[in-house]
Trainee: 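One structure is given below, represented as C-alpha cells, and several questions about it will come after.
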Amino acid sequence: MSEAVGEASCSKKTKKTDASDPEVVLGHRVVQTRDVKWLCVPDIYQKLHRPNLYDIGGTYMHEVADYWFMFKSEQVGNIFLLHLFICNHTESCFTVAVSCNSTLKVDKKNKIVYLQQYHKEFEFKKVPEMFHSYLTTYNFTDIDVELFKDKNLYIAVNFPCDTKGISLDVINRIKINHDCGALLTDPIDSDFTIESADGGKFKIHKVILAAHSEVFKAMLKEETAESQNSYVKLVDVSEEDLRGMLEYIYTGTVKDVENVNFANLLMLADRYNLQGLCELSQYALSEQLGLDNAFDILVISDMYDSDFLKNEALKFIKTNPEVLDCATFKEINSPALIRELCTYLAK
C-alpha cells in the first residue's frame, strides 16, 4: 500500500548535505531511524554502468541496527534502472517513505544529485526479520546518467514514526480534515480581503496566510496599512493566478492543473516565499515541456534560479535538437544562459 506525500519544505535550494551529516545514511555510520532524511549513493555513475547488487547503508535505534537499504542496478537499452530495497532487522510492521519519482536536481557546488524530495509511502505489515522488501524503481536516461559523473546520488527517505501502528486510511482521513479548502469556498470568520488586478476579490484569513508565507506574515503585522485596512490589491496579479495561489495556501495543492498558468504561479511563489508552490510549479512546467515552449521555460528557470527546471529544459532541448530552429531561441538575451546552453549541448 502506498501514497504520494508532498513535503512542505521544498525550497528552491535543497539543504546542503554531506557524508558526515547525521541525517544521511552512508555505509555503517550510525544514523538514527527517527532522524534520517537521505540515502547517499557514492560513485553512482560507475555503479549504474556495472549492474550488480550494492549496499547503501542502514539506520539504527541507538546503537542497534534497525533497517538496511540496498539497490540493484540494471541497464535496458539506453535506460538505467535502480531498484531500491529495504531490510528490517527484526520482525515488525513499519512505514517508510522515499523519493516518489526519478526527477533530478543537481547541486554542482557540492557534487550532489538529489532525487525529488516529494515522498511515496510504503506500508509493510508483519514482515519477518532480515527480510528484503522491494520499495521502488528509479529510471534514468543516458543523458541523466551523464549528470552523475563525479557526483553522489541522494535519495530522500524518512520513517513516519508518529504514525507507527496507525493505518494509512486513518492518516488520509486526518489529512482531509485538515484541508482548509472549505474556508476558501465559504470564508467563515474571514478577516482580510485580497483583490486581483482585474477586480476579483477573495475573503481570506490572516492566520492562514501568515502561517504559510513569511512575506504575508510581515505584510499583516498590526502596524502595516494592509493589516489596518484588512485589504490589499495586487495590481499585477490576475484573478485566476490569485485563485491558484490561494488554493495552494489553503489546500496544499492545485487541482485544475490543465488550466493553471504555472509560470505565473512560480512568479507568485517566488515573490511570497511559498516554497511548496515553487516546487510544484517547477515540476508542472517540466511536465509541460514541448517544442514550442522549451526556450521559454529555460528562460523562466534561469530567472527564478531553478536548477531542477533548468536541467529538465536543457535535457529536452538536447534530446530534441529541432527546437533550436524555433524563433524563441534567438530571443534569449542572456549571454550567460546562452553559454550554459552551448556548454550543455557540447557534452
Side-chain angles (χ1 to χ4, degrees), residues 6 8 10-12 179-290 292-306 309 313 327-328 331-334:
C10 298
S11 61
K12 286 193 295 183
D179 182 340
C180 297
L183 288 176
L184 186 60
T185 306
D186 184 15
I188 300 171
D189 293 328
S190 63
D191 54 2
F192 196 81
T193 299
I194 298 184
E195 183 178 354
S196 66
D198 47 350
K201 292 184 179 181
F202 297 86
K203 294 184 179 297
I204 52 86
H205 306 79
K206 291 181 181 179
V207 66
I208 293 179
L209 260 63
H212 287 82
S213 165
E214 290 297 322
V215 177
F216 278 123
K217 185 177 181 179
M219 179 193 293
L220 297 173
K221 287 182 177 179
E222 291 183 4
E223 65 271 16
T224 64
E226 293 88 353
S227 181
Q228 292 175 3
N229 297 327
S230 296
Y231 168 84
V232 67
K233 182 169 184 176
L234 305 183
V235 296
D236 59 348
V237 180
S238 72
E239 180 177 356
E240 286 305 307
D241 293 339
L242 180 54
R243 187 190 309 277
M245 179 181 72
L246 291 174
E247 180 185 356
Y248 177 82
I249 289 173
Y250 274 75
T251 70
T253 189
V254 178
K255 294 179 182 178
D256 190 14
V257 294
E258 298 297 326
N259 298 307
V260 170
N261 187 325
F262 279 103
N264 289 347
L265 286 189
L266 180 57
M267 178 269 292
L268 291 174
D270 182 76
R271 177 186 297 178
Y272 294 107
N273 195 20
L274 296 165
Q275 298 176 345
L277 181 58
C278 183
E279 190 83 6
L280 174 62
S281 299
Q282 292 174 35
Y283 181 77
L285 287 170
S286 74
E287 291 293 300
Q288 295 173 2
L289 277 164
D292 59 337
N293 67 4
F295 286 111
D296 293 327
I297 291 178
L298 179 63
V299 170
I300 290 169
S301 71
D302 189 60
M303 184 183 305
Y304 295 108
D305 197 22
S306 169
L309 185 58
T328 53
E331 296 173 6
I332 299 178
N333 56 16
S334 168

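For this chain, numbers begin at 1 and follow the sequence in order.
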Trainee: Please assess L274 against L268 for the test side chain to side chain contact (heavy atoms under 4.5 Å, CB included), listing each intermediate value before the final yes or no.
Mentor: CA-CA 8 Å; L274 296 165; L268 291 174; 5.8 Å; no
Trainee: Which donor-acceptor pairs under 3.5 Å do side chains of residues 207-221 form with protein atoms, sequence neighbours excluded?
Mentor:
from, atom 1, to, atom 2, distance (Å)
H212, ND1, I208, O, 2.9
H212, NE2, I249, O, 3.2
S213, OG, V215, N, 3.2
S213, OG, F216, N, 3.1
S213, OG, Y272, O, 2.6

Trainee: Mark yes when over 12 heavy atoms from residues, nucleotides or ligands other than D198 sit less than 6.0 Å from its CG; otherwise mark no.
Mentor: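 Atom CG in D198 is packed in, count exceeds 12.
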Trainee: So, for S334 and D302, which heavy atoms are closest and what is the spacing to 0.1 Å?
Mentor: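 Nearest pair, atom of S334 first, then D302: OG-OD2, 4.2 Å.
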Trainee: If I take atom CD from residue Q282 and atom CD1 from residue I297, how far apart are they, to the nearest 0.5 angstrom?
Mentor: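 The CD atom of Q282 sits 11.5 Å away from the CD1 atom of I297.
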Trainee: Starting at CD1 of I194, measure out to CD of E226 and round the result to the nearest 0.5 Å.
Mentor: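 Atom-to-atom, I194:CD1 and E226:CD are 10.5 Å apart.
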Trainee: Check I204 against S190 and note the closest heavy-atom contact, atom names and distance.
Mentor: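 Nearest heavy atoms, I204 then S190: O-CB, 3.3 Å.
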Trainee: If I compare all heavy atoms of A313 with all of A294, which pair ends up nearest, and what's the gap?
Mentor: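 Taking every non-hydrogen atom into account, CB-O, 4.3 Å.
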Trainee: Mind listing the closest non-hydrogen atom pair of C278 and L266 along with its distance?
Mentor: SG-CD1, 3.6 Å
Trainee: Which pair of heavy atoms, one from K201 and one from T193, lies closest together, and at what distance?
Mentor: CB-CG2, 4.2 Å
Trainee: Can a donor-acceptor pair be found, under 3.5 Å and without considering hydrogens, that links the side chain of S227 to the backbone of E223?
Mentor: no
Trainee: Please enumerate all residues that pass ring-ring contact (aromatic ring centres under 6.0 Å, His included) together with F202, with sequence neighbours excluded.
Mentor: none
Trainee: For N229 and A225, indicate whether the former's side chain and the latter's backbone hold a donor-acceptor pair under 3.5 Å.
Mentor: yes
Trainee: Shortest non-hydrogen contact from V257 to F262?
Mentor: O-CE1, 3.6 Å
Trainee: From I300 CD1 over to M267 CE, what is the distance, rounded to the nearest 0.5 angstrom?
Mentor: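 CE of M267 is found 10.5 Å from CD1 of I300.
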Trainee: First locate atom CD of Q275, then atom CG of D270, and finally report the distance between them rounded to the nearest 0.5 Å.
Mentor: 11.0 Å
Trainee: Let's go through K206 and S230 carefully: what are the C-alpha distance in whole Å and the side-chain angles of both, what is the deciding distance for side chain to side chain contact (heavy atoms under 4.5 Å, CB included) to 0.1 Å, and is it a yes or a no?
Mentor: CA-CA 9 Å; K206 291 181 181 179; S230 296; 3.9 Å; yes
Trainee: Before giving the answer on side chain to side chain contact (heavy atoms under 4.5 Å, CB included), spell out for L285 and Q288 the whole-Å C-alpha distance, their side-chain angles and the decisive distance to 0.1 Å.
Mentor: CA-CA 5 Å; L285 287 170; Q288 295 173 2; 3.9 Å; yes
Trainee: Given the rule in the side chain to side chain contact (heavy atoms under 4.5 Å, CB included) test, do D191 and H205 qualify, once you have shown the distances and angles that lead to the verdict?
Mentor: CA-CA 5 Å; D191 54 2; H205 306 79; 4.3 Å; yes
Trainee: With the threshold set at 4.0 Å, does a side-chain nitrogen-carboxylate oxygen contact exist between R243 and E247?
Mentor: no
Trainee: How far does OH of Y250 sit from CE of M245, to the nearest 0.5 angstrom?
Mentor: 10.5 Å
